[in-house]
Amino acid sequence: AMAVSLQARTLPALAGWSWISGGFALFRRNPPLMTALTMTYLLVMVFLNIVPLLGPVLVAVCLPVMSVIVFNGARILDEKRDIDAAGLKQGLMANARTLVQLGFVHLGGSLVVVLIHTLIFQMPEGAAVDADEELFMRTLMQLLPLVLPLILIMWFPPYLIATQNMPLGKSLFFGAVAVLRNAGAFIVYFAGAALLGVGLPMLVVQVLGGDGSLASALRFLLRIALLFVLVPTLAASLYVSFRQVFAPGEEPAPEPADE
C-alpha cells in the first residue's frame with residue numbers, strides 16, 4: 001500500500017541547485033558527522049578495492065549499503081534527531097538482501113562500462129608506465145558519458161529500497177522514472193557540482209598563478225576544502241534530492257484511475 005502513494009514528482013530545473021545548497025545546510029548542522037560518514041564511505045571503498053580479485057566485486061556490492069548509511073546520517077540531521085547506530089542502520093537489516101542484489105546490478109553495470117570503454121578506446125601500450133595526468137583526464141572524460149547513466153540508474157534505488165522496502169525491480173523502475181522526470185534538475189545539479197568542484201578551484205589557481213610556495217599551499221588548502229566540505233555536501237545532497245522528489249504527503253495524491 002505504501003508504494004501506491006509514492007509518486008515521483010517533477011521538480012523545476014533549478015531544484016538541482018537547491019539539492020546542493022540543501023546538502024550544504026545539512027552539512028553545516030553537523031560537519032564532523034557528515035565528514036566522518038563520507039570519509040568512512042570512501043575509505044571502505046578504497047580498502048575493499050585493495051582486496052585481490054574480489055575487490056571490485058566487494059565495492060560494487062557494498063556500495064548501496066554504504067550509501068544508505070550516509071543517507072540515514074543526512075536524514076537524522078534533517079529531522080534533528082539524536083545520532084545513534086540504530087538511526088544510521090535504519091532500513092538496512094530488513095532490506096539487506098535487496099540492497100546486495102542492487103549491488104550486483106551495479107557490478108554488472110560497472111563491468112559493461114569497462115567493457116565498452118575497452119572496446120571503444122583501446123588502452124595504449126605502456127600506458128601504465130607513463131600514466132600522466134593528461135592520460136588520466138582523457139580516460140576520465142571518455143568514461144564520463146558511460147558512467148553517468150550508471151550513476152543515474154543507481155541514484156534513487158538504494159533509498160527506495162531502504163525507506164519503502166521496495167523489491168529490486170520496482171526500485172529500479174521508480175528510480176529511473178524519477179530521474180527522467182527530473183532531467184532538468186539533474187543537469188543543473190551536475191553543472192553546479194562541476195562548477196564548485198572543478199571550475200571554481202581552477203579559477204582560483206589561475207588567479208593565484210605561479211608555482212610559489214604560497215600558491216602551492218593555497219592549492220593544498222583548496223583540495224582539503226573540496227574533500228572536507230564539498231564531498232560531504234554532495235553526499236548530503238543525495239538525501240535532499242530524494243526527499244524533494246519522493247516527499248510523501250506534501251501534495252495531494254493524484255486521483256486513482258478506475259481500471
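What's counted below: heavy atoms across the whole structure, side chains too, no hydrogens, waters or symmetry copies. From a predicted model like this one, the values you see are computed outputs, not experimental measurements.
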Between Ala236 and Leu26, which heavy-atom pair has the shortest distance, and what is it? CB-CB, 4.2 Å
If every non-hydrogen atom of Ala193 is compared with every non-hydrogen atom of Leu230, which pair is closest and at what distance? O-CD2, 4.5 Å
For Asn95 and Thr98, indicate whether the former's side chain and the latter's backbone hold a donor-acceptor pair under 3.5 Å. no
With Pro157, the side chain to side chain contact (heavy atoms under 4.5 Å, CB included) member among Leu168, Val105, Leu172: Leu172
Mind listing the closest non-hydrogen atom pair of Asn49 and Pro56 along with its distance? OD1-N, 4.0 Å
Whether over 12 other heavy atoms sit under 6.0 Å from Leu53 CG: no
Report yes if the side chains of Trp19 and Val245 come closer than 4.5 Å at any heavy-atom pair, otherwise no. yes
Under 4.5 Å between side-chain heavy atoms, chaining through other members, with only Ile, Leu, Val, Met, Phe, Trp and Tyr counted: pull out the rest of the cluster around Val100, sorted by chain and number. Val57, Val61, Phe104, Leu107, Leu111
Side chain proximity check, Thr38 to Phe228, heavy atoms < 4.5 angstrom: no
Surrounding CZ of Arg29 (heavy atoms of other residues, nucleotides or ligands, distance under 6.0 Å), is the total greater than 12? yes
Pair up each side-chain donor or acceptor in residues 178-185 with any protein partner under 3.5 Å, not counting sequence neighbours, and list the distances.
unit_1	atom_1	unit_2	atom_2	d
Arg181	NH1	Ala8	O	2.4
Asn182	OD1	Leu11	N	2.6
Asn182	ND2	Arg9	O	2.9
Asn182	ND2	Ala178	O	2.9

Would you say CG of Leu14 has more than 12 non-hydrogen atoms from neighbouring residues, nucleotides or ligands within 6.0 angstrom? no
Would you call Asn30 and Ile83 a side-chain contact if the rule is heavy atoms closer than 4.5 Å? yes
Can you check whether Leu238's main-chain N or O pairs, donor with acceptor, with Ser241's side chain at less than 3.5 Å? yes
Is there side-chain contact between Ile69 and Thr40, with at least one heavy-atom pair below 4.5 Å? no
Quick one: closest heavy-atom pair of Gln244 and Ala15, and the distance? OE1-CB, 3.9 Å
Are Ser67 and Tyr159 side-chain neighbours, meaning at least one heavy-atom pair lies under 4.5 Å? yes
Would you name the heavy atoms of Val229 and Pro232 that are closest together and state the gap between them? O-CD, 3.4 Å
Of all residues at least two apart in sequence or in a different chain, which pass the ring-ring contact (aromatic ring centres under 6.0 Å, His included) check with Trp155? Phe186, Tyr189, Phe190
Run the numbers on Leu196 and Leu234 for side chain to side chain contact (heavy atoms under 4.5 Å, CB included), then give the verdict. CA-CA 10 Å; Leu196 293 171; Leu234 293 179; 6.0 Å; no
So Asn72 and Lys89, side chain to side chain contact (heavy atoms under 4.5 Å, CB included) or not? Walk me through it. CA-CA 7 Å; Asn72 283 337; Lys89 289 190 299 195; 5.8 Å; no
Report the C-alpha distance between Met34 and Val70 in whole Å, list the side-chain angles of each, state the deciding distance to 0.1 Å, and finish with yes or no for side chain to side chain contact (heavy atoms under 4.5 Å, CB included). CA-CA 8 Å; Met34 272 329 289; Val70 177; 4.0 Å; yes
On a heavy-atom basis, the closest approach of Gln90 and Val68 is O-CG1, 4.0 Å
Hey, mind stepping through Thr163 and Phe246 against side chain to side chain contact (heavy atoms under 4.5 Å, CB included) and telling me if it holds? CA-CA 11 Å; Thr163 62; Phe246 287 105; over 6 Å; no
Can you tell if the side chain of Ile153 reaches within under 4.5 Å of the side chain of His106, non-hydrogen atoms only? no
Can you tell if the side chain of Arg75 reaches within under 4.5 Å of the side chain of Arg81, non-hydrogen atoms only? yes
State, yes or no, whether a side-chain contact exists between Ser110 and Leu150 at a heavy-atom distance under 4.5 Å. yes
